[in-house]
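Sequential numbering from 1 along the given sequence is applied to the chain's residues.
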Amino acid sequence: MKARSSSPAITLAVVLLGFLTLPMSMSGTTVAVPLIGADLGASGGALQWVVTGYFLMASSFMLVAGSLGDLLGRRRVYLAGALVYAGGMLGGAFAPGILVLDVLRSITGVGAAGVMAGGGAILATTFTGPSRTRAFAAMGTIAGVGLALGPSLSGWLVGAVGWRATFGIFAAAGLALIVGAMFMAESRAAARPRLDRTGVVSFIGGLALVMLGITRSAQTGWANAQVVLLIAAGIALLVVFVLAERRTAHPVLDLTLLRNRRFMGWLLAAVAMVTGFGGILSYLPSYLQGASGASAGEAGLMMLMPTAPVLFMPALGGRLVNRGVPPRAVITFALLLIAAGNAWLTVLRPGAGALELAGPLVSVGVGMGLSAGLIDAQAMGQVPAARAGMASGLLNTVRGGTQTLVMALFGSLLIGLLQARLGSAALAGQVATGKLTGGDHAFLADQLTEVWRVILYAVAGLGAVAALAVSALVAPPRRTADASTSADPGTAAGPGTAAGAGGPADAGSARPVGAGRIAGRA
């Protein structure tokens, strides 16, 4: 349903601004953590929550924000998210203590969920066919700009004007999102059922508890009673969520959506993409500084090799699809390239320079870039317009949850394998984070390198298997002489499913069944 007309170009510009701002603001906060701790006299878990709280709340609210967009209006949810985000950032700039800042950062994460889930749904209902592919490719490119330039730009801002003023700058960017949202068209599902409160509460609570437990496991170990209790409680709430969604007529997550084989294939592609990149992005800078003796600036420049390709590869992926290359071929190649890059990165060694690491790191970056804009466009093409917000929220939830899991597991594996070699949990934790000061530096660097190689081979193997599984899932259905038998068995009749048609869908020009005339169609 359409509330007003709007230029697709304005809509695209506003959504892209959101996907540029949010990665940069998160990077800036990560860089600012030491300064925040010194200024507010904070350390440990309370200080780390400045980053963790934002990330956990954003991931937990993605699906709910997307479903609320279908129900209440996608522009309205985007606008509300921008208001909460800007208010949280502005309040954080004046926070008098760490506890107030932690609360405000969590609130900011809720706003970010509205901006990201709402933005993806707005693009899906504004553009169709090749225009949709180009729009999502642009979204992937802009998100890549935030990823690649965020740490350096935000780090410069923090160093130049301080962390409080930097928060204020990002609050101003949030204000720009609010103003821009006023000029976007509104769209929502035709029906406006009652809100599934049980689903909302059980999903947010369950996912948040599970991710919090996983995050804490990296510091305390998986056998810690608090970790076990958090994860068990979270799983129990998620079970309640599934049972509730099966019984309600208008669920937060229509479980029949998960019967769509091709949609599930693109979800798996998102998981594989983040798994192949998350550990490198989070932990390689520490290795480069600790084992190889690189400065923070040198490590940052080397990290441009896996992140810079994300600036332009999404556009190339979209162009290939619009020119007839099957998305299945592009995503399979991209995921295999990420897996190969991880395997190739086992050349890692103390003192390795940029030339030695350029091949594997660029390979991972190119694979990431090709995947970034393609996954959303193709996944959203598999669902009806009425479920666009739900699908967008689910995609972002899967990505955020996977990133949390990868960070925790990668860190836990590093520490666990190092502890088995070094015999000390405390020393293993220091070495895993690049502090090679508890013994012979050369010996510790060699041990860290060996552990890295084991994990990289494991990630490469998982990535290769996932690439093959994705290729099988997103394959178009076989056509037979009888058109009635050509439907995708993975898209059984039911709300929230889309036709499994091949052909045009594989060329990036699919139009969801039941979409009708999409608001603001380009």
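- Under the 4.5 Å side-chain criterion, counting only non-hydrogen atoms from C-beta, M380 is in contact with F136.
- Not counting sequence neighbours, Y54 has no partner by the ring pair (Phe, Tyr, Trp, His ring centres under 6.0 Å) test.
- Taken to the nearest 0.5 Å, the CZ atom of R262 stands 13.5 Å off from the CG atom of L267.
- A 4.5 Å side-chain heavy-atom check between I331 and S371 finds at least one atom pair inside the cut-off.
- Checked against side-chain contact (heavy atoms from CB on, under 4.5 Å), V115 has the following partners two or more places apart in sequence or in another chain: L22, Y78, A82, L177.
- Applying the side-chain contact (heavy atoms from CB on, under 4.5 Å) test to A372 and every residue at least two apart in sequence or in another chain returns P314.
- Counting all heavy atoms, side chain and backbone alike, L473 lies closest to R261 at O-NH1, 2.6 Å.
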How far apart are the C-alpha atoms of W266 and L374, what are their side-chain angles, what is the distance that settles it, and do they pass the side chain to side chain contact (heavy atoms under 4.5 Å, CB included) test? CA-CA 9 Å; W266 291 108; L374 185 65; 4.2 Å; yes
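- Across all non-hydrogen atoms, the minimal contact from A58 to A113 is O-CB, 3.5 Å.
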Residues L12, F127; criterion side chain to side chain contact (heavy atoms under 4.5 Å, CB included); working and verdict: CA-CA 9 Å; L12 180 62; F127 300 93; 4.1 Å; yes
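- A heavy-atom distance below 4.5 Å is not found between the side chains of I231 and L209.
- With rounding to the nearest 0.5 Å, the separation of CG in L63 from CZ in F61 is 11.5 Å.
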So V366 and L370, side chain to side chain contact (heavy atoms under 4.5 Å, CB included) or not? Walk me through it. CA-CA 6 Å; V366 170; L370 286 173; 4.2 Å; yes
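- The backbone N or O of V271 sits less than 3.5 Å from a side-chain atom of T275, completing a donor-acceptor pair.
- Here CE of M305 is found 11.0 Å from CD1 of I280. Values are rounded to the nearest 0.5 Å.
- Heavy atoms only, all atoms of each residue included: L335 and A272 are closest at CD2-CB, 4.0 Å.
- With sequence neighbours excluded, the residues that form a side chain to side chain donor-acceptor pair (under 3.5 Å) with W163 are D39.
- Judged as a ring pair (Phe, Tyr, Trp, His ring centres under 6.0 Å), and not counting sequence neighbours, the contacts of F241 are F203.
- Residues that satisfy the ring pair (Phe, Tyr, Trp, His ring centres under 6.0 Å) test with F410, not counting sequence neighbours, are Y283, W452.
- R132 has no carboxylate O lying under 4.0 Å from a charged side-chain N of D376, or vice versa, which leaves the two without a salt bridge.
- The two residues A379 and L395 have their closest heavy-atom pair at CB-CD1, 3.8 Å.
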Applying side chain to side chain contact (heavy atoms under 4.5 Å, CB included) to M62 and M57, what does each step give before you reach the verdict? CA-CA 9 Å; M62 288 288 186; M57 297 306 287; over 6 Å; no
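- At least one donor-acceptor pair under 3.5 Å links the side chain of R328 to the backbone N or O of S471.
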